[in-house]
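It should be emphasised that the depicted structure is a prediction, and the values quoted were computed from it without experimental measurement. Order of listing sets the numbers, starting from 1, for every ligand and every atom in it.
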Amino acid sequence: MSDHSFLTWPFFEDKHRALALELEDWAGTELAEYSSAPANVDLACRKLVLKLAKAGWLDYCVTKKYGGINSSLDVRSLCLIRETLARYSGLADFVFAMQGLGSGTISLFGSAELKQKYLPDVRSGKKIAAFALTEPEAGSDAAAITTTAEQDDASFVLNGEKTLISNGGIADYYTVFAKTGEAPGTHGISAFVVDADTAGLEISERIEVIAPHPLARIRFNQCRIPITQQIGVGGDGFKMAMATLDIFRSTVGAAALGFARHALDEALNRTKSRQMFGAPMSRLQLIQAKLGEMSLDIDASSLLIYRAAWTKDNGAERITKEAAMAKLFATEAAQRVIDEAVQIFGGSGVVSGFAVEQLYREIRALRIYEGASEVQKLIIASQTLKEN
Ligand code: CAA
């Protein structure tokens with residue numbers, strides 16, 4: 001079992017400590033079959049959504065009024081859940097994360113009608129959620145999106161293309177960001193909920209990645225939705241996307257931390273049990289240096305993640321800088337930790353099926369999705385310049 005001493009830190013309340021330990025018990029038995037890549041990833045995701053829902057973990061993705069646990073999204077809980085799930089199953093973490101991210105903009109800014117229509121079903125696993133911002137020519141530069149939504153009486157008509165959309169192909173609905181043109185640039189984007197079975201929405205390509213999960217390119221061709229599917233105020237879509245990402249970027253850091261903790265556990269077992277030059281590997285100082293750096297990276301990540309989460313839970317309107325720091329540091333650190341774990345395992349570390357080999361594939365995307373490391377550096381710099 002991983003080190004849980006961080007739970008004594010003052011960032012947490014007793015409810016968080018209880019949650020982490022209860023989930024740890026559950027994940028240890030219930031996720032065993034999802035510890036490595038399944039043959040049918042879509043089916044596994046569908047099963048995992050229902051499994052997470054049944055056990056009550058998706059209650060943390062929505063607020064109390066819609067069947068959730070907390071009156072507002074509790075970022076510490078979301079982070080603890082992602083950290084724990086990621087230690088046992090990258091796919092379970094992915095499924096949980098997407099129910100949260102794909103419904104987050106509705107929770108934060110949606111009308112009561114939209115919340116009632118989607119959030120209870122997200123919580124029960126009846127609806128699978130997705131977040132559609134990225135486009136073929138607009139990744140890091142999110143304001144450059146070209147998908148349009150034109151109002152036509154009581155409808156909006158969407159045209160354009162989104163890509164690298166997680167849950168694409170299995171989602172029941174997509175939170176879509178599109179140009180509505182109220183003002184230039186970031187002030188002319190709005191957010192919508194588009195049901196997957198709406199005429200004019202098509203999955204144009206499924207995309208295979210190094211750590212398999214459902215991912216797709218989506219095309220909107222004269223896709224007509226009622227105006228009641230708009231989230232919040234027209235023209236505020238970019239800010240809504242960023243505010244949603246402020247919450248979920250901290251949780252990406254937490255998932256990376258879970259992967260890193262798993263890698264350290266594997267490395268510790270290996271170095272204590274493997275004999276080398278007449279003694280356990282753990283006696284070698286070069287190995288100790290690696291373990292020391294891995295452990296330091298893990299604690300530093302954890303401090304930044306739970307600082308960001310605690311700050312939001314304690315009422316901060318924005319945690320843009322804190323979340324960017326948490327995501328940047330934790331994902332880069334986890335890559336280092338996992339790479340060292342592979343090195344410690346030597347040849348076995350790159351053999352398919354070894355835990356560290358899988359972690360090596362799992363971690364890579366986290367340094368890119370929800371804002372690449374380079375974007376996080378820009379955000380930290382711009383916030384720091386504003387503050388000083
Ligand atoms: N909260 C509220 N408002 C915010 C905000 C936040 N966190 N961040 C920015 N804004 C506001 C700004 O205050 C500004 O408002 P005003 O014009 O009124 O002052 C407006 O939004 C524009 O902000 P910027 O000037 O910073 O905009 P920019 O164009 O320079 O953005 C960027 C720069 C930070 C690089 C942004 O484009 C970005 O975050 N890019 C990364 C995109 C990303 O993360 N994509 C993730 C896709 S989803 C995904 O990966 C999920 C998945 O599949 C698993």
Those atoms of ligand 1 less than 4.0 Å from some heavy atom in Leu245: 44 (O)
What class does the angle between the rings of Phe11 and Trp9 fall in, given that below 30° is parallel, 30 to 60° is tilted and above 60° is perpendicular? perpendicular
Those atoms of ligand 1 less than 4.0 Å from some heavy atom in Thr134: 47 (C)
Do the charged groups of Arg224 and Asp152 touch, with an N to O distance under 4.0 Å? yes
Ser373 and side chain to side chain donor-acceptor pair (under 3.5 Å): which single residue from Arg367, Lys327, Glu332 fits? Glu332
min-distance protein heavy atom vs atom 50 (O) of ligand 1 -> Glu370 N, 2.8 Å
Around atom 37 (O) of ligand 1, find the nearest protein heavy atom and jot down its residue, atom name and distance. Ser140 O, 3.1 Å
Could you tell me, atom by atom, which parts of ligand 1 come under 4.0 Å of a heavy atom of Phe131? 48 (S)
Is the positively charged end of Arg336 above the ring of Phe329, judged by distance under 6.0 angstrom from the centroid and angle within 45° of the axis? yes
Less than 4.0 Å from atom 33 (C) of ligand 1, is there any heavy atom belonging to the protein? no
Exceeds 12 heavy-atom contacts within 6.0 angstrom, atom CD of Glu387: yes
Right, does atom 25 (O) of ligand 1 have protein non-hydrogen atoms nearer than 4.0 Å? no
Nearest protein heavy atom under 4.0 Å from atom 21 (O) of ligand 1, yes or no: yes
Ligand 1 to Leu101, heavy atom cutoff 4.0 Å, flagged ligand atoms 51 (C)
Min heavy-atom dist His187 to ligand 1 below 4.0 Å: yes
protein heavy-atom neighbour closest to atom 3 (N) of ligand 1 works out as Arg318 NH1, 3.5 Å
Ring centres under 6.0 Å, that's the criterion: do Phe177 and Phe238 meet it? no
Could you tell me, atom by atom, which parts of ligand 1 come under 4.0 Å of a heavy atom of Thr186? 20 (C), 22 (C), 29 (O)
Atom 45 (N) of ligand 1: closest protein heavy atom, distance to 0.1 Å, is Leu133 CD2, 3.8 Å
Closest approach of any protein heavy atom to atom 31 (O) of ligand 1, naming residue and atom: Phe238 CZ, 3.6 Å
Does any N or O atom in Thr320 lie less than 3.5 angstrom from one in ligand 1, N or O only? yes
Could you tell me if Tyr306 and Glu83 have a donor-acceptor pair between their side chains, going purely by distance under 3.5 Å? yes
Quick check on contacts: which atoms of ligand 1 are under 4.0 angstrom from a heavy atom of Gly139? 42 (C)
Can you classify the ring geometry of Trp26 versus Trp57 as parallel (below 30°), tilted (30 to 60°) or perpendicular (above 60°)? perpendicular
Indicate yes or no for a side-chain donor-acceptor contact from Lys162 to the backbone of Leu133 under 3.5 Å, with no hydrogens or angles considered. yes
Just jot down the side chain to side chain donor-acceptor pair (under 3.5 Å) partners of Thr147, sequence neighbours excluded, or say none. Glu135
Go through ligand 1 atom by atom and flag the ones less than 4.0 Å from a non-hydrogen atom of Ile379. 34 (C)
Looking only at protein heavy atoms, which one is nearest to atom 11 (C) of ligand 1, and what is the separation? Lys239 CG, 3.8 Å
Closest to atom 7 (N) of ligand 1 among protein heavy atoms sits Asp246 OD2, 3.0 Å
In this structure, atom 53 (O) of ligand 1 is nearest to the protein heavy atom Ser166 OG, 3.3 Å
Is the NZ or CZ atom of Arg17 both under 6.0 Å from the centre of the six-membered ring of Phe12 and within 45° of that ring's axis? no
Under 4.0 Å, heavy-atom basis, I'd like to know which part of Lys321 is in contact with ligand 1: side chain, backbone, both or neither. neither
According to salt bridge (Lys or Arg N to Asp or Glu O under 4.0 Å), who are the partners of Asp59, at least two apart in sequence or on a separate chain? Arg123
If you count every heavy atom of other residues, nucleotides or ligands that lies below 6.0 Å from Glu182 atom CD, does the total exceed 12? yes
